[in-house]
Amino acid sequence: MDKRCFTEPVKPLSYRSIINFKQLHLFDDPDMKLFNIKLKELIIATGLMLLSGSGFAQPMKNTNQPEINRKWWKEAIFYQIYPRSFMDSNGDGIGDLKGIISKLDYVKSLGVDAVWLNPVYASPNYDNGYDISDYQNIMKEFGVMQDFDVMLKGFHDRGIKVIMDLVVNHCSSEHKWFKAARISRKSRYYNYFHWWPAENGAPPKRWSAFDPDANAWKYNKATNSYYLHYFAAQQPDLNWENPKLRQEIYKMMRFWLDKGIDGFRMDAIAYISKDLTFPPLHAKYHGDWAMYYAGGPHLHEYIKEMNRQVLNKYNAATVAEAMGTVNDVMKFVDPVRSELNMAYHFEGVNIGYLPNEYKMVNPKGYGLLKFKRVYSKWDSAFATKGWGTIYLGNHDQPRMVTRWGNDSPEFREVSSKMLTTFILSMGGTPYYYFGDELGMSNIKFDKISDYNDIELLTNYAQVKAKGGDTNRFIEGMKISSRDNGRTPFQWNASANGGFTTGKPWLKVNPNYISVNVEAEEKDTNSVLNYFKEMVKLRKSNLAFVYGKYTLIDAGNPDVYAYTRELNNDKYLIVLNFHAKTAATNVGFDMTGIKTMINNYADGPVTDNAGQITLKPYEAAVFKIK
Ligand code: NOJ
Ligand code: CA
């Protein structure tokens, strides 16, 4: 059985403008001032000139691109904050809301439009907030509700929207519903969870991601039944087949939306519906159980209901953690289905692992050809309907520069910038992980005792129990473990990177001495300043959001090259993914073509035969039209 993270399914998953002024519905869409723009009807640049400066009106020529429906969440750059590691205000070593409040201006300075905040709800923290014991309260380590309100207002005052995690496939075993349910089968909360009565014999096999025995059923003596937990035993699955439970969840969602949050990132949402007969799993799911879990019988009925009863009343932005094939994922985001807005897939971040092992990267590397195929496939899936996302890091992933670039002293900065160029020039909404803008890299713990992550510790215990090679495991985790992406943010060169005056909950990467905000703000060539420039570039032209993506030189194993084109604007992006000089031929004369951004002091060498020669990890964006 494959033991990779539950959140990372096992197999690579096969799983505009003359604006037509009659269609200009300014303020129809409260959060975005939606223009219904018809690209085809592009005409008179003159009228648009008057609007220039709004950032929404670009003189565009007539092309045959499909109609686009502008939304703020399509055009936004999201910045993900892992609160536990962002900023500690009181010296207890744990990041908190007051810490975030003290750094609102930093977030503003990045130029991002929205923040995704990992869970801040009350939690005993078996899975760092993904085990919620009270959905309408703040985790005591993070502060109180008033801090949340101040933080939300602070973001809004700066024009930054906030989406929160919605973790409703499961709650915490310390949630009052579960505490009551586990006492008696007669409890009114018993059916808020999934149970298998012991008198029916042993429950049918279900795998668990964070269980030492990988068993998703746990026996509960008081009720003489087993409860289901796809994740840890401290994370019992909620019973979505029970309409009462669904109403509780919707009520809770309204509570947060009424406060003014701008939407939700939906954790493990694909797993919420279960076949209550719990049939034995078909052999085809063996080793690929996430695929089975993600296809529950009433999943989309419930999402549609949630949309009808909650989401569409608030115009909330939503992003689904969505496992599966393009077809599976499309179901969440095809607008005609009225479910969710955006989805993120796992096929990209799962590239380059050895088969049948827990997150062991292939020593040969991940293969750029495969990388290009996967991102091109998902781009074309969303080119005509639905909406995707683009990301290379988050709290479930290692640091992007270590995993996808090169964190050696020679190449850390330049490859970080190259990856940032990729994320911010591709289609789909970028979800950019905090710290990547500094080029933060994996800490690479040598000792198991340095780790905190339940997923990693569970898998380590399993390797050990089977007499496996724990040294090899630790070596592998230096590249892939989630804790690499969770080390505290690096603000300055003072002790613990200025994150805390106390003992940080997870060690700070010792490279904070040079990799930190204060140093990088001063250095015009820093990764941080490059990120800000790239943010500006993305926001300067809608081609980066709505433009057609065309892969060029697909068979080039070192260079990822593509164009983004919208009406009369066309950009060429060239990215060398390797530590050696590489060339691509784009097939047209590059003489006189304007370079918009480049991660070296002297730009790439181009010629009139379309040849572009790139230095190691060089990235450039050209405006070719
Ligand atoms: C996905 C979250 O991103 C991850 O951090 C968590 O462990 C699981 N879902 C369980 O909630
Ligand atoms: Ca604190």
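The model shown is predicted, which means the values in this text are computed figures rather than measured ones. Just so you know, ligand 1 is whichever comes first in the structure, and atom 1 is the first atom listed for that ligand. Values below: every heavy atom of this structure, side chains too, minus hydrogens, waters and symmetry copies.
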Exercise for the section: May I ask you to decide whether K304 forms a salt bridge with E301, counting only side-chain N to carboxylate O separations under 4.0 Å? Expected result: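 Answer for the salt bridge query: no.
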A cation-pi test, strictly: NZ or CZ of [X] under 6.0 Å from the centre of the six-membered ring of [Y] and no more than 45 degrees from its axis. Yes or no?
X    : Y    : result
K103 : F489 : no
R403 : Y353 : yes
R399 : F434 : yes

Exercise for the section: Using 3.0 Å as the cut-off, note every protein N, O or S atom close to the Ca ion (ligand 2). Expected result: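 The answer, once waters are left aside, is D88 OD1, N90 OD1, D92 OD1, I94 O, D96 OD2.
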Checking the side chain of [X] only, and the main-chain atoms of [Y] only, is there a donor and an acceptor separated by less than 3.5 Å?
X    : Y    : result
W378 : I390 : no
H175 : S123 : no
T402 : N442 : yes

Is the closest heavy atom of [X] to ligand 1 under 4.0 Å?
X    : value
Q397 : no
M266 : no
E455 : no

As an exercise, identify every atom of ligand 1 less than 4.0 angstrom from a heavy atom of [X].
X    : answer
H395 : 2 (C), 3 (O), 4 (C), 5 (O)
R486 : 5 (O)
F210 : 7 (O)
R265 : 2 (C), 3 (O)
H170 : 10 (C), 11 (O)
F231 : 8 (C), 10 (C)
D127 : 6 (C), 7 (O), 8 (C), 10 (C), 11 (O)
R482 : 4 (C), 5 (O), 6 (C), 7 (O)

Handout entry: Heavy-atom side-chain contact between E241 and Y302 under 4.5 Å
Key =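 E241 vs Y302: side chains touch.
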Exercise for the section: Find out whether Q235 and F178 are in side-chain contact, i.e. whether some heavy atom of one side chain is under 4.5 Å from a heavy atom of the other. Expected result: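 Of all side-chain heavy-atom pairs linking F178 with Q235, none is under 4.5 Å.
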Handout entry: Nearest candidate to atom 2 (C) of ligand 1, where distance is taken over non-hydrogen atoms, out of N118, D165, N128, D267
Key =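 Among N118, D165, N128, D267, the closest heavy atom to atom 2 (C) of ligand 1 belongs to D267.
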Handout entry: Any N or O of Q235 closer than 3.5 Å to N or O of ligand 1
Key =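 No, since none of the N or O atoms of Q235 sits under 3.5 Å from an N or O of ligand 1.
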Problem - Parallel, tilted or perpendicular, as decided by the 30° and 60° cut-offs, for the rings of F86 and W491 - result: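 Perpendicular, since the angle between the ring planes exceeds 60°.
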Handout entry: Donor + acceptor pair across side chains of T429, W73 (<3.5 Å)
Key =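 The criterion, which ignores hydrogens and geometry beyond distance, is not satisfied for W73 and T429.
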Exercise for the section: Assert yes or no for the condition that the ring centre distance of W404 to F371 is strictly below 6.0 Å. Expected result: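 Yes, the ring centres sit under 6.0 Å apart.
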